[in-house]
Amino acid sequence: MRGKISTFDFFEILTIIITFIVIIFTTALILAIVLKGIPYLGAAFYSDEVRFSIRLSLYTASIATLICMLLAIPTAYALTRTVFPFKKICQIIIELPLSMPYLVLGLSLLIIFSSDFGKALKELGFKVVFDKNGIIIAQTVVNLPFAIRFIRTAFEEVDERLEFISGSLGATKWERFITITLPLARNGILSTIILTWSRALGEFGATLMLVGATRMKTETLTTSIYLNLATGDTGASMASATVILIISLLSLFLTNWIGRKNKQESRMKDVNRW
């Protein structure tokens with residue numbers, strides 16, 4: 001018995017040591033950006049280029065997040081609440097981009113929008129390649145599978161018995177979705193929106209392949225880091241990286257706050273049941 005206890009204690013100590021190693025390494029990564037970037041942060045906000053990259057990033061990330069939600073919510077519902085042929089295969093196809101390099105996704109988008117289809121869109125006034133519309137599309141394609149997976153998890157956590165009872169009382173599937181499924185999955189959807197928006201701000205690989213890196217035209221915050229590093233302007237790069245880090249920290253704080261709120265609501269429901 002003592003041997004088992006000492007072994008268990010050793011295992012716990014080992015996991016704690018590894019945890020602290022991870023924390024120290026992560027803290028070093030964050031401090032490397034913060035300590036280098038903060039001295040240049042004030043000057044960066046007076047730069048037209050940095051302000052342009054911030055505005056463009058906020059605009060494209062917000063539009064891409066909206067599109068992701070409009071597509072992810074019905075898709076997640078179909079995957080969790082409906083039955084259709086080849087459902088498992090469809091789910092694999094939807095989530096496949098999660099395991100693909102973003103450069104490959106960007107190359108795929110470049111091929112599609114450089115084809116006759118893309119040229120036809122351009123003639124209709126919707127330019128994608130080397131345009132801010134391409135940034136929105138790249139951010140949407142990269143984050144859509146992520147959003148679908150998280151919202152699908154949120155829908156799976158909703159008790160389907162509540163929907164069944166509502167249906168037995170005469171509610172349509174649309175009414176059940178609006179009055180039961182969506183409200184109960186609210187916190188999960190809010191967390192997904194925040195994380196999707198934050199990830200969109202940091203997207204680079206697919207965007208670079210589709211729209212390139214042109215100053216004051218397709219220059220997002222991540223593109224600004226790339227361009228300034230390429231020209232040796234370390235200060236501007238660190239300032240842009242610091243802005244992204246601050247936004248990421250705020251997004252993480254909001255997500256954790258929503259998660260804690262969701263847990264508290266679940267506990268209250270369990271107490272009320274008892």
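Just so you know, these numbers use all the heavy atoms, side chains as well, and skip hydrogens, waters and symmetry mates. Computed from a prediction, not measured in an experiment: that's the story for all the values here.
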So do Phe113 and Ile137 actually touch side chain to side chain, heavy atoms under 4.5 Å? yes
Please list, chain by chain and in numerical order, all residues satisfying side chain to side chain contact (heavy atoms under 4.5 Å, CB included) with Ile21, sequence neighbours excluded. Ile17
If every non-hydrogen atom of Leu144 is compared with every non-hydrogen atom of Cys68, which pair is closest and at what distance? CD1-O, 3.6 Å
Contacts of Phe253 meeting ring pair (Phe, Tyr, Trp, His ring centres under 6.0 Å) (sequence neighbours excluded), chain-then-number -> none
Parallel, tilted or perpendicular, judged at 30° and 60°: which one describes the rings of Tyr77 and Phe177? perpendicular
Counting only heavy atoms not in Lys173 (residues, nucleotides, ligands), do more than 12 fall under 6.0 Å from its NZ? no
Of all heavy-atom pairs linking Leu109 and Val141, the shortest is CD2-CG2, 3.9 Å
Could you check Thr192 against Met69 for side chain to side chain contact (heavy atoms under 4.5 Å, CB included), going step by step and ending with a plain yes or no? CA-CA 9 Å; Thr192 304; Met69 292 304 107; 3.9 Å; yes
Test log, rule side chain to side chain contact (heavy atoms under 4.5 Å, CB included), inputs Ile244 and Leu201: CA-CA 7 Å; Ile244 293 177; Leu201 280 176; 5.7 Å; no
Give a yes or no on whether a salt bridge exists between Arg152 and Glu156, defined as a side-chain N under 4.0 angstrom from a carboxylate O. yes
Side chain to side chain donor-acceptor pair (under 3.5 Å) evaluation trace for Thr181 with Glu163: CA-CA 7 Å; Thr181 310; Glu163 298 174 25; 2.8 Å; yes
For residues Arg176 and Ala171, report the shortest heavy-atom separation together with the two atoms involved. NE-O, 3.3 Å
Ile247 and Trp197: CA distance, side-chain angles, deciding distance, side chain to side chain contact (heavy atoms under 4.5 Å, CB included) verdict: CA-CA 10 Å; Ile247 294 172; Trp197 184 76; 3.5 Å; yes
Thr231 side-chain N/O to Asn228 backbone N/O, donor-acceptor pair under 3.5 Å: yes
Count the heavy atoms belonging to other residues, nucleotides or ligands that lie under 6.0 Å from OH of Tyr226, then report whether that count exceeds 12. no
Rounded distance [0.5 Å steps], OG in Ser62 versus CD1 in Ile136: 9.5 Å
Would the number of heavy atoms belonging to other residues, nucleotides or ligands and lying under 6.0 Å from NZ of Lys132 be above 12? no
Can you tell me if Thr218 uses its side chain to pair, donor with acceptor, with the backbone of Phe130 under 3.5 Å? no
Counting neighbours of CZ on Phe25 that are heavy atoms of other residues, nucleotides or ligands and sit closer than 6.0 Å, is the number greater than 12? no
